[in-house]
**Student:** 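Quick one: the structure is below, and I'll ask about it shortly.
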Amino acid sequence: MPELPEVETVARDLAGRIIGKTIRDVKLRRADLRQPFPKNLKVLLIGRKIVSVGRRAKYVLIHLDDASVLVLHLGMSGSITVRQAKNYQPQKHDHVLIALDGGNLMVMNDPRRFGLLTVVKSDELKNHKLFRALGMEPLSNKFTGKALHTLLKNKNTNVKAAIMDQSLVVGVGNIYAAESLYLAGILPTRNSRKITIQEAEKLTKSIKNVLCAAIEAGGSTISDYRSATGKSGKFQVKFQVYGRAGEKCLRCGSLVKSIRQNGRSTFYCAVCQS
DNA sequence: CGGCGGTCCTGTCAGC
DNA sequence: TGCTGACAGGACCGCC
């Protein structure tokens with residue numbers, strides 16, 4: 001479900017609500033998501049104070065006062081909400097409940113269970129299995145047209161799969177890949193090696209623009225995504241092509257097309273993109 | 001060895 | 001109404 005803008009929104013919302021709080025209790029309603037939870041999870045978390053909240057790629061990073069990090073990934077369908085603990089009845093798919101001092105409860109819900117929760121020592125984060133192969137942050141200054149052009153040259157696949165490859169650039173998922181390529185006027189089926197430097201410059205800007213705009217809108221709400229404060233995102237109303245197969249292209253009026261690439265739906269305008 | 005298909009899971013919706 | 005199949009924001013594993 002969540003791509004970079006949704007994860008960023010969740011991380012920011014969490015920051016405003018949990019920093020400075022101490023974890024008082026942890027309830028596990030099952031033993032795993034995509035992978036088993038650490039066996040000593042309660043020992044690792046209870047009594048720890050939350051010092052900051054960040055994001056790397058599509059991971060939420062909750063930094064604790066013992067130089068460890070609670071690492072969360074939302075998979076396709078995960079959400080994290082903070083609510084009053086008093087009288088809270090766990091809902092279906094609420095897998096982890098973390099009670100904080102001050103009476104709040106952080107709830108991780110994930111119907112499809114593609115998400116992940118683990119704890120990593122801060123100084124081991126960069127070299128951790130989950131993080132060491134991750135590519136560039138698209139909103140960083142290092143993510144330039146030149147950098148993307150080089151990355152694309154070294155790949156041999158369609159440009160859409162390439163920008164969704166988390167070892168090249170992180171955070172771009174199925175929605176924002178389609179939106180970025182539309183904004184850049186590039187067909188998603190183009191081979192990554194044949195993207196020119198000028199196109200890479202344009203695509204870089206499009207990715208940054210679409211991700212920033214989505215963050216400003218609080219992410220996109222499809223189905224049941226909510227931020228940590230329970231709000232819906234608003235960016236979905238700004239989708240130019242995603243989910244609009246058969247509808248008119250907002251720029252030229254021809255019909256938006258839908259194809260499958262690498263097992264995922266792709267949406268594009270055959271007139272505006274080449 | 002890199003690219004890509006299959007797979008993990010539940011929920012929802014279209015079509016019959 | 002109920003059944004079936006396709007599909008859904010991700011990413012890992014194995015096979016060519």
Side-chain angles (χ1 to χ4, degrees), chain A residues 1-11 29-37 55-60 71-80 91-95 108-118 128-135 138 151-181 188-194 207 210-211 214-215 217-227 232-246 258-267:
Chain A
M1 158 236 161
E3 303 181 33
L4 186 150
E6 291 74 38
V7 180
E8 180 67 25
T9 299
V10 168
R29 303 184 72 236
R30 56 176 300 119
D32 59 51
L33 287 176
R34 196 171 85 210
Q35 60 177 232
F37 299 133
R55 177 193 60 74
R56 168 73 172 124
K58 297 173 191 168
Y59 294 90
V60 174
V71 175
L72 305 172
H73 192 287
L74 302 176
M76 288 277 235
S77 58
S79 63
I80 305 165
Q91 305 295 299
K92 197 172 184 183
H93 308 305
D94 282 354
H95 307 307
M108 186 166 185
N109 180 289
D110 185 359
R112 292 177 74 181
R113 309 206 301 270
F114 291 168
L116 170 155
L117 179 154
T118 193
H128 189 277
K129 186 180 175 183
L130 294 171
F131 294 91
R132 63 185 170 218
L134 290 176
L151 292 168
L152 294 177
K153 274 268 177 279
N154 291 325
K155 276 268 155 192
N156 181 26
T157 186
N158 64 76
V159 64
K160 188 220 179 193
I163 61 172
M164 287 177 68
D165 184 334
Q166 304 294 298
S167 71
L168 303 189
V169 54
V170 301
V172 179
N174 204 40
I175 292 176
Y176 297 108
E179 294 296 308
S180 302
L181 289 162
T189 49
R190 292 271 303 284
N191 187 289
S192 59
R193 287 176 309 186
K194 296 188 179 166
I207 290 170
V210 76
L211 294 178
I215 291 170
S220 303
T221 295
I222 293 186
S223 174
D224 55 359
Y225 162 81
R226 291 290 183 281
S227 73
S232 304
K234 301 249 181 293
F235 192 74
Q236 66 280 5
V237 302
K238 296 186 183 172
F239 289 168
Q240 305 285 297
V241 286
Y242 184 83
R244 298 190 63 246
S258 173
I259 55 169
R260 291 221 129 222
Q261 288 181 286
N262 308 77
R264 315 294 298 273
S265 290
T266 300
F267 303 87

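Order of the sequence lines fixes the chain letters, A, B, ..., with proteins taken first and strands second; residue numbering starts at 1 for each chain. Note that the coordinates shown come from a computational prediction; the quantities given were computed from them, not determined experimentally.
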**Student:** Test your reading of the model: is there a side-chain donor-acceptor pair from A/Ser167 to the backbone of A/Gly135, 3.5 Å cut-off?
**Tutor:**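 Such a contact is absent between A/Ser167 side chain and A/Gly135 backbone.
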
**Student:** So how far is it from A/Glu179 CD to A/Ile207 CD1, rounded to the nearest 0.5 Å?
**Tutor:**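 Answer rounded to 0.5 Å: 12.5 Å.
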
**Student:** Once you round it to whole Å, what is the distance between P of C/dA11 and CG of A/Leu33?
**Tutor:**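 Roughly 14 Å, once rounded to whole Å.
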
**Student:** Return the 5'-most residue of the pair A/Lys58, A/Lys129 with respect to DNA chain C, ranking by each residue's nearest nucleotide.
**Tutor:**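 Result of the comparison: A/Lys58.
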
**Student:** Sort me out a list of protein N/O and nucleotides 8-11 of chain B N/O pairs below 3.5 Å, or just none if empty.
**Tutor:**
{"unit_1": "B/dC9", "atom_1": "O3'", "unit_2": "A/Arg113", "atom_2": "NH2", "d": "3.4"}
{"unit_1": "B/dC9", "atom_1": "O2", "unit_2": "A/Arg112", "atom_2": "NE", "d": "2.9"}
{"unit_1": "B/dC9", "atom_1": "N3", "unit_2": "A/Arg112", "atom_2": "NH2", "d": "3.4"}
{"unit_1": "B/dT10", "atom_1": "O4'", "unit_2": "A/Pro111", "atom_2": "O", "d": "3.3"}
{"unit_1": "B/dT10", "atom_1": "O3'", "unit_2": "A/His93", "atom_2": "NE2", "d": "3.0"}
{"unit_1": "B/dG11", "atom_1": "OP1", "unit_2": "A/Lys92", "atom_2": "NZ", "d": "3.2"}
{"unit_1": "B/dG11", "atom_1": "OP1", "unit_2": "A/His93", "atom_2": "NE2", "d": "2.5"}

**Student:** Using nucleotides 3-7 of chain B, report all nitrogen or oxygen pairs with the protein that are shorter than 3.5 Å.
**Tutor:**
{"unit_1": "B/dG3", "atom_1": "OP1", "unit_2": "A/Asn156", "atom_2": "N", "d": "2.8"}
{"unit_1": "B/dG3", "atom_1": "OP2", "unit_2": "A/Lys155", "atom_2": "NZ", "d": "2.5"}
{"unit_1": "B/dC4", "atom_1": "OP2", "unit_2": "A/Thr157", "atom_2": "OG1", "d": "2.4"}

**Student:** Taking atom NZ of A/Lys153 as the centre, does the number of heavy atoms from other residues, nucleotides or ligands within less than 6.0 Å exceed 12?
**Tutor:**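 For A/Lys153, atom NZ is crowded (more than 12 foreign heavy atoms under 6.0 Å).
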
**Student:** Separation of A/Leu117 atom CG from C/dA11 atom C1', in whole Å?
**Tutor:**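 Result: 17 Å.
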
**Student:** Does the plane of the ring in A/Phe239 sit parallel, tilted or perpendicular to the ring in A/Tyr176? Use 30° and 60° as the thresholds.
**Tutor:**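 Geometry flag for A/Tyr176 against A/Phe239: perpendicular rings.
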
**Student:** Taking C/dC3 as the reference, what is the distance to B/dC9 when you measure between their P atoms (whole Å, please)?
**Tutor:**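 Here B/dC9 and C/dC3 have their P atoms 23 Å from each other.
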
**Student:** Expressed as a whole number of angstroms, how long is the span from A/Ile175:CD1 to C/dA8:C1'?
**Tutor:**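 From A/Ile175 CD1 to C/dA8 C1': 10 Å.
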
**Student:** Rounded to the Å, how far apart are A/Phe239 CZ and C/dA8 C1'?
**Tutor:**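 The distance from CZ of A/Phe239 to C1' of C/dA8 comes to 13 Å, rounded to the nearest Å.
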
**Student:** Heavy atoms only: give me the nearest A/Tyr242-A/Asn174 pair and the separation to one decimal.
**Tutor:**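 Answer, listing the atom of A/Tyr242 first, then A/Asn174: CE1-ND2, 4.0 Å.
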
**Student:** Any Lys/Arg nitrogen of A/Lys155 or A/Asp165 sitting under 4.0 Å from an Asp/Glu carboxylate oxygen of the other?
**Tutor:**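 Result for this pair is yes, salt bridge flagged.
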
**Student:** With a 4.0 Å cut-off, would you call A/Arg30 and A/Asp32 a salt bridge?
**Tutor:**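 Looking at A/Arg30 and A/Asp32, the cut-off is met.
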
**Student:** For A/Arg264 and C/dA11, what is the distance between atoms CZ and P respectively, to the nearest whole Å?
**Tutor:**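 From A/Arg264 CZ to C/dA11 P: 9 Å.
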
**Student:** Measure OH/A/Tyr59 against P/C/dG10 and give the value in whole Å, please.
**Tutor:**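 These atoms are roughly 12 Å apart.
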
**Student:** Say you pick atom C1' in B/dG6 and the same atom in C/dA6; how far apart are they, in whole Å?
**Tutor:**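 About 16 Å, rounded to a whole number of Å.
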
**Student:** Any sub-3.5 Å donor-acceptor pair from A/Gln35's side-chain atoms to A/Leu116's backbone N or O?
**Tutor:**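 Answer holds: no.
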
**Student:** Which value, in whole Å, describes the distance between the P atoms of nucleotides B/dT7 and C/dG5?
**Tutor:**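 These two P atoms come out 15 Å apart once rounded.
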
**Student:** Represent DNA chain C in dot-bracket notation, 5' to 3'. Only Watson-Crick or G-U wobble pairs with both distances under 3.5 Å count; pseudoknot-style crossings use [ ] and interstrand partners use |.
**Tutor:** .|||||||.|||||||

**Student:** If only atom types and distance count, is the side chain of A/His95 paired as donor or acceptor with the main-chain N or O of A/Asp110 below 3.5 Å?
**Tutor:**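 Checking the backbone N and O of A/Asp110 against the side chain of A/His95, a donor-acceptor pair under 3.5 Å is found.
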
**Student:** Which whole-number value in Å describes the distance from A/His128 NE2 to C/dC12 P?
**Tutor:**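 So the NE2-P distance, A/His128 to C/dC12, works out to 12 Å.
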
**Student:** Heavy atoms only, 4.0 Å cut-off, all strands: where does A/Tyr242 land among base, sugar-phosphate and nothing?
**Tutor:**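 Sugar-phosphate, no base atom in range.
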
**Student:** Take A/Val170 and A/Arg56 through the test side-chain contact (heavy atoms from CB on, under 4.5 Å) and record every step on the way to the result.
**Tutor:** CA-CA 8 Å; A/Val170 301; A/Arg56 168 73 172 124; 3.8 Å; yes

**Student:** Sub-3.5 Å donor-acceptor pair from the side chain of A/Arg55 to the main-chain atoms of A/Ala57, do we have one?
**Tutor:**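 Present.
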
**Student:** Hey, is the main chain of A/Lys160 close enough, under 3.5 Å, to the side chain of A/Gln261 for a donor-acceptor pair?
**Tutor:**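 No; judged by distance alone, with no hydrogens or angles, the pair does not exist.
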
**Student:** Can you tell me, in whole Å, how much space there is between the P of C/dA11 and that of B/dT12?
**Tutor:**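 So the two P atoms sit 23 Å from each other.
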
**Student:** Quickly work out the A/Asn191 CG to B/dG2 C1' distance and round it to whole Å.
**Tutor:**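 My rounded result for the distance is 13 Å.
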
